[in-house]
Every structure is written in structure tokens, then in C-alpha cells.
Amino acid sequence: MSLSDHPRAYGTAAVAVAFVAGVLVTLGFKDLYPDLERRYQQHKRYQRRAQGGPTPAGGGVAPRRSSMMFWGSGPVELEDREKTASEAHLPPTAGIVDGIEGCIGHTPLIKIHSLSLATGRTILAKAEFLNGAGNSPKDRVALSMIQAAEEAGLLVPNRGDTIYEGTVGSTGISLAALARARGYRAHICMPDDQSLEKSDLLHHLGATVERVPVAPITSPAHFVNLARRRAAEHTQSAADENASRGFFADQFESAANHQAHERTTGPEIHRQTGGRIDAFVAGAGTGGTIAGVARYLKDPNTKLKLSNKNADANLRIVLADPQGSGLYNKVRHGVMYAPTEREGTRRRQQVDSIVEGVGINRVTDNFEAGRDLIDDAVRVTDVQACSMARWLVEHDGIFAGSSSAVNCVAAVVTALALPEGSTVVTILCDSGTRHLSKFWKKVAEMGLEDEPTPDDLLVLLAIEKPR
């Protein structure tokens with residue numbers, strides 16, 4: 001008689017066989033499990049040590065057990081796929097990057113505690129001074145302009161080509177650093193009323209620097225027009241097609257400027273805030289930063305989640321403008337000049353302010369690219385900018401340049417106009433180390449470094465809190 005003739009007996013035998021197999025597998029795991037557990041715990045201890053955290057007591061390594069039934073001679077790896085806390089917050093550039101260009105972008109977004117506390121709103125600042133080439137947001141612009149020129153065949157590495165630019169400093173510094181890294185030279189034209197730190201740094205970066213008298217944009221002697229002419233003269237002097245060329249970067253009008261911020265800065269801010277942002281505040285020199293970020297954040301395909309349900313339905317883009325600049329009036333009233341700012345009444349031809357890097361009396365192509373997206377403007381006086389710069393040092397340990405101080409004053413004014421709990425993002429452009437001989441000298445002359453700053457920020461800035 002066979003088991004197939006008695007189904008009930010067949011089933012009983014199958015259960016018995018399965019039971020015996022289960023016992024054998026369990027005995028095998030008796031040897032296997034301690035080894036797996038040991039390796040897993042050892043892996044976790046290595047992670048804690050790497051992060052500087054404590055190692056649990058009794059964390060010695062257990063002796064390795066090699067007797068492992070059914071699993072061959074090698075130990076089985078137990079892989080932990082859970083990211084550590086440090087890994088979860090690493091930027092895309094973590095690890096080895098390709099050259100100095102790899103240090104550009106993915107800058108932190110930091111909460112400025114004192115400004116947030118004073119306003120009852122969250123004020124965040126993009127730390128653009130941590131870009132790794134020229135230490136300002138102009139790193140993004142410079143790289144974008146160079147890459148666009150290379151793609152168009154206007155620049156060829158190691159041919160002897162020279163990049164020419166008219167700048168008040170930061171763009172020139174970024175171009176000078178990246179030019180050397182990519183096989184070019186740099187020739188920078190700048191007004192002679194800018195801080196000496198900037199031209200000194202350009203010299204140390206290997207750039208040729210021409211400091212020229214301040215002149216209106218209509219004059220051939222204006223620093224931008226001079227740079228354009230120098231580039232043309234270089235190219236015209238080329239002996240043959242293989243000779244070096246001159247390339248005028250043209251940061252004020254080049255679309256590569258605002259496109260750099262639309263492609264990188266805007267998306268970074270959106271990702272870092274989780275889309276919860278009620279206002280973005282920035283100054284304008286070339287206008288590339290505010291235009292590019294506005295174009296991204298206000299794109300219908302960009303999903304925003306306003307921080308405060310009582311806020312307006314739309315994100316607000318606000319221009320921070322220093323005294324003497326015409327852009328405030330252009331945004332607010334549609335005309336460039338107030339009666340007190342017409343040609344011939346200002347002490348300086350460019351912008352009647354101690355502030356460098358932002359403020360201008362013409363509409364550039366870059367500013368125009370985002371002008372219809374700008375909702376409002378805040379005018380910031382030199383006294384307010386200097387006071388804010390000192391406040392940030394005293395209360396937050398932030399040593400900022402003049403344009404960063406202007407942005408922070410405007411961020412405070414903007415925040416106070418929004419419901420409590422709203423989130424405002426602005427830009428920290430560069431360090432105060434580039435502004436020692438001019439802006440920070442003015443801060444000292446005002447006596448702001450002699451006494452501790454007042455406890456009330458709004459009193460210090462002469463800003464009335466909305467009722």
C-alpha cells in the first residue's frame with residue numbers, strides 16, 4: 001500500500017517532514033542570529049562614532065562565531081538602509097566635487113534669530129557668502145556666463161582668452177577666480193570710489209584691474225563701457241583665428257545672469273523652505289538675483305505653501321533699495337527718479353549711497369526680466385543699513401557687507417506688513433571683510449561700535465510697527 005492511496009496519511013507525513021525541517025532551520029539560526037546581530041550593532045556603533053555621538057555601554061565587539069548551518073562558510077551581511085542624521089542633511093555637493101566650480105551653490109538657509117524675535121515672523125537668509133569661488137551670489141552668475149560663452153565658442157580654455165567685465169567688485173572677484181580655474185585671464189574695470197579691499201583682492205587673484213573715475217552710463221568712460229571697449233580691442237587685435245580673444249561678460253544685460261538664479265537659487269530656496277514662504281526680499285544691482293528667483297518662485301508650476309493661512313494668496317516679491325537708487329520709484333510709481341534725484345542733484349553719478357553692490361539708476365535687461373513680478377519696494381537709508389550691520393554682529397554674530405544689511409532692513413519692514421507667523425527669505429550677499437575701508441568705517445564713525453546696540457530693533461531702525 002502506498003501513501004498515494006491514503007491522502008490522509010500523506011498529509012500527516014508532510015506535516016511531520018515540515019516540522020522536522022523547521023526545527024533544523026531554527027537550530028541553524030541559533031548560530032546565525034548572534035553573528036548577524038553582532039555585525040549590525042557594530043555597524044551602528046561605527047555610525048555613532050563618526051557622528052561624534054556616544055557609544056552605548058557594554059558596546060564591546062562580541063567574538064565572531066563561524067559555525068553557521070545551511071549558509072556556507074561566509075557570514076551574512078545585515079545591511080542597514082536607514083540614513084544617518086548627518087547623511088539626511090548633506091547637500092548634493094557633499095563628498096568630492098569637481099574643482100572650485102563644485103563649491104558654488106547649495107548654500108545654507110539660516111534663521112536670523114534676532115530679526116525673527118523682533119518681528120514675530122520667521123526671517124531666513126540665504127548665506128550666499130559661502131559660495132566657494134568668490135564668496136558671493138555672483139559666483140553663480142560668473143559660472144553661468146562663462147559656461148554660456150564656452151558653449152557659444154566665444155571662450156576657448158587655454159587659448160589666452162581674457163574675460164572683461166565692468167563691476168563694482170563682487171562679479172569681478174567671482175570671474176577672476178573662475179577664469180584662472182578654467183584657463184582664462186580676467187580684466188576688471190571698476191569705479192574708483194569702491195572699497196580698496198575689492199581691488200586688492202582682484203590683484204591677488206591675478207586679474208588686471210582698472211579703477212576709473214565715476215561717470216554716467218552714457219559716457220564712454222563709464223566702467224561698463226570701458227570693459228566692453230577693452231574686450232572689442234582685444235579681439236580686433238587677434239592676428240589669426242587661433243589667436244586669443246576678448247570676451248565681454250556683460251553681467252547687467254546677459255540673460256545668463258538671471259537664468260543662473262532661476263535655475264539654482266530659486267529651486268534651492270523652494271526646497272529648503274519646503275515651499276513655505278510668504279515673501280522674498282532682495283536688492284538689485286544688475287537685477288539678476290531678484291528677477292531670477294522671482295521667475296522661479298512665481299512660476300505656476302512651482303508649488304508654494306504659504307506659511308500663514310491669513311496671508312495673501314500670492315507670494316510677495318519685494319525690492320530692497322538703498323537711498324539714491326531709482327529702482328524704488330520705478331517699482332512704486334513707475335518712474336525712475338523723484339524730483340530730488342534728477343541728474344545733477346546727486347553727489348555721485350551712480351547711486352548716492354555708501355552702500356555698494358545694489359542700487360542703480362537705470363533698468364537693466366536682467367531687472368526687466370522680472371520687473372512685472374515685483375510687488376513692492378522698500379527704501380533703506382545709509383543710517384538704517386549701518387545700524388542693521390552692527391545689530392547683526394551684536395545679536396547674531398553675522399558680519400555682513402552693506403548690501404546684506406540693506407536686504408535685512410527691508411526684510412524686517414516686509415515681515416511687519418505680513419501676519420504673524422509668516423516666513424520671509426532674503427540674501428546675505430558677502431562678508432563685511434570686503435567693506436572695511438568704506439562701509440564699516442562709516443559704522444565706526446557713527447559711534448555704533450562704541451556702545452552696545454539698543455534692545456529694540458524697531459527703535460534702532462526708526463521703523464514704526466504696524467497696528
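The figures here come from the full heavy-atom set of this structure, side chains too, leaving out hydrogens, waters and symmetry mates. Predicted model only: the values in this text are computed from it and were never measured.
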Item to check | For the student: nearest non-hydrogen atoms of Val281 and Ala320, plus distance | outcome: CG1-CB, 4.1 Å

Item to check | Pair Arg140 + Glu128: basic N to acidic O under 4.0 Å | outcome: yes

Next on the checklist: Test of understanding: with salt bridge (Lys or Arg N to Asp or Glu O under 4.0 Å), list the residues that count as partners of Arg159, not counting sequence neighbours.
Outcome noted: Asp161

Next on the checklist: Tell me whether Asn135 contacts the main-chain N or O of Leu130 through its side chain, where contact means a donor paired with an acceptor under 3.5 Å.
Outcome noted: no

Next on the checklist: Please give me the minimum heavy-atom distance between Ala238 and Arg245, naming the atom from each residue.
Outcome noted: CB-NH1, 3.4 Å

Checklist entry - How far does SG of Cys408 sit from CG of Leu428, to the nearest 0.5 angstrom? => result 5.0 Å

Checklist entry - Is the number of heavy atoms from other residues, nucleotides or ligands within 6.0 Å of CG (Asp455) greater than 12? => result no

Checklist entry - Side chains of Thr171 and Met145: closer than 4.5 Å at any heavy-atom pair? => result yes

Checklist entry - What distance separates Asn407 CG from Met388 CE, expressed to the nearest 0.5 Å? => result 10.5 Å

Item to check | Close side-chain approach of Arg182 to Ile146, heavy-atom, < 4.5 Å | outcome: yes

Item to check | Donor-acceptor pair between Ser437 and Glu197 side chains, under 3.5 angstrom | outcome: yes

Item to check | Nearest heavy-atom neighbours spanning Ala215 and His222 | outcome: O-CD2, 2.8 Å

Item to check | Test side chain to side chain contact (heavy atoms under 4.5 Å, CB included) applied to Gln272 and Ile277, step by step | outcome: CA-CA 10 Å; Gln272 289 168 319; Ile277 170 176; over 6 Å; no

Next on the checklist: Is the shortest side-chain heavy-atom distance between Ile398 and Val393 below 4.5 Å?
Outcome noted: no

Item to check | Residue pair Val168 / Pro191, side-chain heavy-atom distance below 4.5 Å | outcome: yes

Checklist entry - Does one side chain, of Ser353 or Gln323, offer a donor that lies under 3.5 Å from an acceptor on the other? => result no

Checklist entry - Between Val378 and Tyr328, which heavy-atom pair has the shortest distance, and what is it? => result C-CD1, 3.9 Å

Item to check | Exceeds 12 heavy-atom contacts within 6.0 angstrom, atom CD of Glu445 | outcome: yes

Item to check | Residue pair Leu448, Ser387: steps toward the side chain to side chain contact (heavy atoms under 4.5 Å, CB included) verdict | outcome: CA-CA 7 Å; Leu448 294 172; Ser387 299; 4.1 Å; yes

Item to check | With Glu449 via salt bridge (Lys or Arg N to Asp or Glu O under 4.0 Å) - residues at least two apart | outcome: none

Item to check | Distance-only donor-acceptor check, side chains Asn257 and Thr286, under 3.5 Å | outcome: yes

Next on the checklist: Checking the side chain of Gln384 only, and the main-chain atoms of Thr381 only, is there a donor and an acceptor separated by less than 3.5 Å?
Outcome noted: yes

Checklist entry - Is Lys330 close to Val335 at the side-chain level, that is, under 4.5 Å between some pair of heavy atoms? => result no

Checklist entry - Under 30°, 30 to 60°, or over 60°: which ring-plane class applies to Trp440 and Phe399, parallel, tilted or perpendicular? => result tilted

Checklist entry - What's the verdict on side chain to side chain contact (heavy atoms under 4.5 Å, CB included) for Leu226 and Tyr164, showing C-alpha distance, side-chain angles and the deciding distance? => result CA-CA 9 Å; Leu226 178 61; Tyr164 293 82; over 6 Å; no

Item to check | Enclosure of Asp372 CG (heavy-atom neighbours >12, cutoff 6.0 Å) | outcome: yes

Checklist entry - So do Asn329 and Arg379 actually touch side chain to side chain, heavy atoms under 4.5 Å? => result yes

Item to check | Minimal non-hydrogen separation, Ala186 against Ala179, with atom names | outcome: CB-CB, 4.2 Å

Next on the checklist: For Ile112, run the side chain to side chain contact (heavy atoms under 4.5 Å, CB included) check against Leu392, Val412, Leu124 and tell me which one passes.
Outcome noted: Leu392

Checklist entry - Going from OG1 on Thr273 to CZ on Arg276, what distance comes out if it is rounded to the nearest 0.5 angstrom? => result 9.5 Å

Item to check | NZ/NE/NH1/NH2 to OD/OE distance under 4.0 Å, Arg434 and Glu356 | outcome: no

Item to check | Side-chain donor/acceptor of Ser422 to backbone N/O of Pro419, under 3.5 Å | outcome: yes

Checklist entry - CZ of Arg390 to CE of Met446: how many Å apart, nearest 0.5 Å? => result 12.0 Å

Checklist entry - Would a distance-only check, ignoring hydrogens and angles, find a side-chain to backbone donor-acceptor pair under 3.5 Å from Ser237 to His234? => result yes

Next on the checklist: Tell me whether Ser404 contacts the main-chain N or O of Ala400 through its side chain, where contact means a donor paired with an acceptor under 3.5 Å.
Outcome noted: no

Next on the checklist: So Ser174 and Val141, do their side chains get closer than 4.5 Å, heavy atoms only?
Outcome noted: no

Checklist entry - Counting N and O atoms only, with roles assigned by atom type, does the side chain of Ser144 sit under 3.5 Å from a partner on the main chain of Ala256, one being a donor and the other an acceptor? => result yes

Item to check | Lys/Arg N to Asp/Glu carboxylate O, Arg371 vs Glu368, below 4.0 Å | outcome: yes

Checklist entry - Going by atom types alone, do Ser195 and His435 pair a side-chain donor with an acceptor below 3.5 Å? => result no

Item to check | Any donor-acceptor N/O pair, Asp430 side chain to Phe129 backbone, under 3.5 Å | outcome: no

Checklist entry - Would Asp278 and Arg121 pass as an ion pair if we require N to O under 4.0 Å? => result no

Checklist entry - With a 4.0 Å cut-off, would you call Arg362 and Glu253 a salt bridge? => result yes

Item to check | Donor-acceptor contact present, side-chain Lys126 to main-chain Thr107, <3.5 Å | outcome: yes

Checklist outcome for this item: Interatomic distance, SG@Cys103 vs CG@Asn131, rounded to 0.5 Å, equals 9.5 Å

Item to check | Expected output: side-chain Ser170 to main-chain Ser136 donor-acceptor under 3.5 Å | outcome: no

Next on the checklist: Considering only residues two or more places apart or on different chains, which pairs with a residue in residues 402-418 satisfy salt bridge (charged side-chain N to carboxylate O under 4.0 Å, His left out)?
Outcome noted: none

Item to check | Trace of the salt bridge (Lys or Arg N to Asp or Glu O under 4.0 Å) decision for Arg230 with Glu233 | outcome: CA-CA 5 Å; Arg230 291 281 189 259; Glu233 291 169 351; 3.6 Å; yes

Next on the checklist: Side chains of Glu165 and His187: any donor to acceptor distance under 3.5 Å?
Outcome noted: no

Item to check | side chain to side chain contact (heavy atoms under 4.5 Å, CB included) evaluation trace for Leu115 with Trp391 | outcome: CA-CA 9 Å; Leu115 304 188; Trp391 172 279; 3.7 Å; yes

Next on the checklist: Could you check whether Asn225 and Arg228, counting side-chain N and O atoms only, form a donor-acceptor pair closer than 3.5 Å?
Outcome noted: yes

Checklist entry - Roughly how far, to the nearest 0.5 Å, is the CG atom of Leu196 from the NE2 atom of His203? => result 10.0 Å

Checklist outcome for this item: Correct closest heavy-atom pair for Asp375 and Leu315 would be OD2-O, 3.4 Å

Next on the checklist: Does Arg211 have more than 12 heavy atoms from other residues, nucleotides or ligands lying within 6.0 Å of its CZ?
Outcome noted: yes

Next on the checklist: Tell me whether Thr302 contacts the main-chain N or O of Tyr296 through its side chain, where contact means a donor paired with an acceptor under 3.5 Å.
Outcome noted: yes

Next on the checklist: Quiz question: by atom type and distance under 3.5 Å, do the side chains of Asp321 and Ser325 form a donor-acceptor pair?
Outcome noted: yes

